[in-house]
Asks: 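Pasting a structure here, questions to come.
Keep in mind that the numbers below use all heavy atoms, side chains included, and drop hydrogens, waters and symmetry copies.
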Amino acid sequence: MDEVRAGIELLFREEYASMHRLAYTMLVSDREAEEVVQDAFMAIVARWDQLSNPGGYLRVAVVNGARKRLRSRAPREAAELRLSSERDRGQADADAELLDIVDSLPERQRTVVILKYYAGLNATEIGAMLGCPSATVRSLLRRALDDMRAVLA
Amino acid sequence: VRSETADIERELTEQLRGRAESATPPDDAWRRFVVRQVNEVPALPRTIADTVTDDRSLRRWGTRVRWIAVGAVAAAAVIAVVVATVARDSEPALLSTDERSPTTTAPDAAADSPEPFVPEQVAVPDQVGLVPILPTGERARFISVAVGAGPGGFVEVLGNGQVSILRRSFDGVHWVPTLTLDNDERLASGDWTASVAANNSGYVVTGPFVAQYSPDGVNWQQLFPVDGTVTATDTEFIVIDASDGDLTLRRSGDGVNWSEVRAAAHSLPGSVVGELRSRIAGLATDGSTTIVAIANQGSNRSGQLWQTTDGRVWAEVFTPPPDPASSDMIDVTHGPAGWVAVSLGQDSFLWTSSDANTWTRTDLGADLRPRRFPYITRIQATDAAYLAVGSVLGNPTGDIGAWYSVDGVHWTLITADQPGEQQANDVTPFGASFYLRGEQNTGDHPVDAGWWLRPG
């Protein structure tokens, strides 16, 4: 049991901040990001003995948790959340036109864009997380970039 | 367009990193996590809470909560037994939570009955072309990644990255789940997706971790660890496995008893298999020669085709040219006019060969104008024809796409006038027709999708 405790605590201390940032990038809400990451760690605790790669499982659980919340949101909610969050921080949003477009993309496109351009994953790795072929990931990315080009044109 | 795209990609990376840096994780996240465990996980809190050694009140409070939790769990168990008793006849046996529910679970009385599967009773549309099977409209938490047709009907694998579900259908419309696998037993994980092969002996399914066999598509038996793919002739199953960093060829006449031949150490460069991002993407045989398509996606090296006749000695026979930086091999098949392979760089290309050694790029046949991009995910062949399936991005009447050819050289693009975004992820021959499975995206949510293709 000591080993389990030590393993979970080590994983938590090593991964919590980066997982929070990943969830925040998707959700633009510190509160929701914290809930998602905590949920993911709870899932890890429940099946610690069965996991050969807890870090990989954690990331999938965080992404899936964030996706679930995104799906339940109204379409413009993410963009409004971002604006309000940045206002609270006193940040300028003049350069955030691309993020506006990202936030208005359908959930799957938004997720693959963030996993590709923030998390730096390739199409195969994203496919592995979302459970779809890499061709799906590539087509989602291409559609998203086409949309961005069209909006920015 | 490519330079614009590169600018957007660069800017996106910068802005997303900027957003991430503005996140403020709570300082006491670990403490909150411990408290939550004390509340929610009766089995672990003592050890976890012990790590917060300087907070006795937390531990005292945790003890009280544990007693409350024990009472709550006991009450919940009683309620669960009552509910389970009531719901026993209507719940899918293998799927206990909402997250695990597959999408198309209309009751399939035929699948549960002892009646044998009768292929002639499957309602294949008379209409020539690509005919959508109406999606259920339910959200696809799981995506169909592989399908096969055999003596027990249609079998497909659904995946979501964490869990895989095998299910069976008599009519290609209504499905019944038969086996759920997760963690290190799952069959689908992105590109490491399952493959289903079937003949009169039953079905063999492979994925990135294990192989499964079923005589009827309902009762499954785990065979052996595998990271590879499977194909079938009328009399034999062939599995190629790269799970231990080398190639192993396994053969079986009945799906239960298998022979095994390992590649001779000198026949394969060590860099071909066993790399983090290399994998067996496709597999085909003409009865004597076996060809595997090896993908190296994510690395800067292109994929390759390798061939063997005995499983011991392998030879590289083809590497696709860069497109623009590298190209991957996606799949390979053998049909009436020889071998056909699929590569994917920026777009998909088809390659043909009559002798497995010389490969020629073929014209995809459609008037693919700029901004229409072919993505081929699988290719299959019957004795009479080939069918490659995937999607055509930018197609004005819908994305679903299938390329049909009888000679492997001249290809006809077949699309369906269907709104939304679609993609076929796998295809299986069924008589003279083909049965396609995949996904359709409407708004935020992908939904289950399927198509029949009857050649003209």
Side-chain angles (χ1 to χ4, degrees), chain A residues 1-2 4-5 8-9 12-13 16-17 20-22 24-25 28 30 33-34 38 41-42 45-46 50-52 57 60 64 71 85-86 89 91 95-96 98-99 102 106-108 113-114 117-118 122-136 138-139 142-143 145 148-149 152, chain B residues 1 4-5 8-9 11-13 15-17 19-26 29-30 32-33 36-37 40-41 44 47-48 50-51 142-143 145 159-162 183-184 188-193 277 295 297-298 330 344 373 375-377 390-391 393 399 421 423 425 439 441 443-446:
Chain A
M1 192 57 91
D2 282 349
V4 173
R5 179 191 66 198
I8 291 171
E9 182 171 0
F12 192 97
R13 297 200 184 281
Y16 183 87
H20 182 97
R21 281 195 294 273
L22 174 61
Y24 179 87
T25 309
V28 208
D30 275 320
E34 187 198 352
Q38 294 267 357
F41 273 102
M42 290 302 290
V45 169
Q50 306 160 33
L51 298 175
S52 56
Y57 185 92
V60 173
N64 283 346
R71 288 176 191 143
S85 166
E86 286 174 355
R89 295 169 205 276
Q91 291 174 347
D95 297 328
L98 268 177
L99 293 186
V102 170
E107 179 273 315
R108 274 222 302 180
V113 163
I114 288 168
Y117 296 108
Y118 168 65
N122 64 43
T124 301
E125 291 165 331
I126 297 170
M129 291 185 77
L130 307 187
C132 60
S134 68
T136 303
R138 285 165 180 248
S139 64
R142 184 166 238 162
R143 285 188 183 108
L145 290 170
M148 289 179 202
R149 261 202 312 272
L152 295 173
Chain B
V1 169
E4 270 178 50
T5 304
I8 290 174
E9 289 179 312
E11 187 65 24
L12 255 181
T13 302
Q15 290 192 14
L16 286 169
R17 282 182 184 160
R19 170 181 284 184
E21 280 166 16
S22 68
T24 50
W30 171 251
R32 292 180 195 215
F33 180 55
R36 189 164 165 195
Q37 284 185 78
E40 297 181 20
V41 188
L44 277 176
T47 58
I48 298 293
D50 282 348
T51 64
F142 291 77
I143 294 168
V145 293
N160 76 344
Q162 289 169 303
N183 295 322
D184 290 351
S189 177
D191 263 8
W192 286 262
T193 51
R277 288 165 175 164
Q297 200 155 55
I330 298 299
L344 176 65
F373 304 101
Y375 280 93
I376 296 173
T377 53
S391 60
L393 267 62
D399 292 337
E421 303 165 354
Q423 175 173 293
N425 290 333
E439 55 188 290
N441 298 311
D444 267 1
H445 311 307

Asks: Counting only non-hydrogen atoms closer than 4.5 Å, does A:Phe41 touch chain B with its backbone (N, CA, C, O), its side chain (CB onward), both, or neither?
Replies: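 When you check distances to chain B, atoms from both the backbone and side chain of A:Phe41 fall under 4.5 Å.
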
Asks: Flag the pair B:Arg32 and A:Glu34 as a salt bridge only when some basic side-chain nitrogen lies within less than 4.0 angstrom of an acidic carboxylate oxygen.
Replies: yes

Asks: Check whether B:Arg19 reaches the backbone of A:Thr25 with its side chain - one donor and one acceptor, N or O, closer than 3.5 Å.
Replies: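 Side chain of B:Arg19 to backbone of A:Thr25: a pair is present.
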
Asks: To the nearest 0.5 Å, what is the distance between CZ (A:Arg138) and CG (B:Leu344)?
Replies: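 Result: 4.5 Å between the selected atoms.
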
Asks: What's the shortest heavy-atom distance between B:Ala23 and A:Arg21, and which atoms?
Replies: CB-CG, 4.1 Å

Asks: Show the numbers, then the answer: is there a side chain to side chain donor-acceptor pair (under 3.5 Å) between A:Tyr117 and B:Arg17?
Replies: CA-CA 9 Å; A:Tyr117 296 108; B:Arg17 282 182 184 160; over 6 Å; no

Asks: Using 0.5 Å steps for rounding, measure from the CD atom of B:Gln15 to the CG atom of A:Leu98.
Replies: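 So the gap between those two atoms works out to 5.0 Å.
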
Asks: For A:Phe12 and B:Phe33, take the angle between the two ring planes, folded into 0 to 90°, and tell me which bin it lands in: parallel under 30, tilted 30 to 60, perpendicular over 60.
Replies: parallel

Asks: Between OG1 of B:Thr24 and OH of A:Tyr24, what distance do you get to the nearest 0.5 Å?
Replies: 7.0 Å

Asks: What part of A:Leu152 is in contact with chain B, defined as an atom under 4.5 angstrom from a non-hydrogen atom: side chain, backbone, both or neither?
Replies: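 Side chain of A:Leu152 only, per the 4.5 Å heavy-atom cut-off to chain B.
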
Asks: Indicate the atoms forming the closest heavy-atom contact of A:Gln38 with B:Ala29, along with that distance.
Replies: NE2-O, 3.3 Å

Asks: With only heavy atoms counted, which part of A:Val102 is less than 4.5 Å from chain B, the side chain, the backbone, both or neither?
Replies: side chain

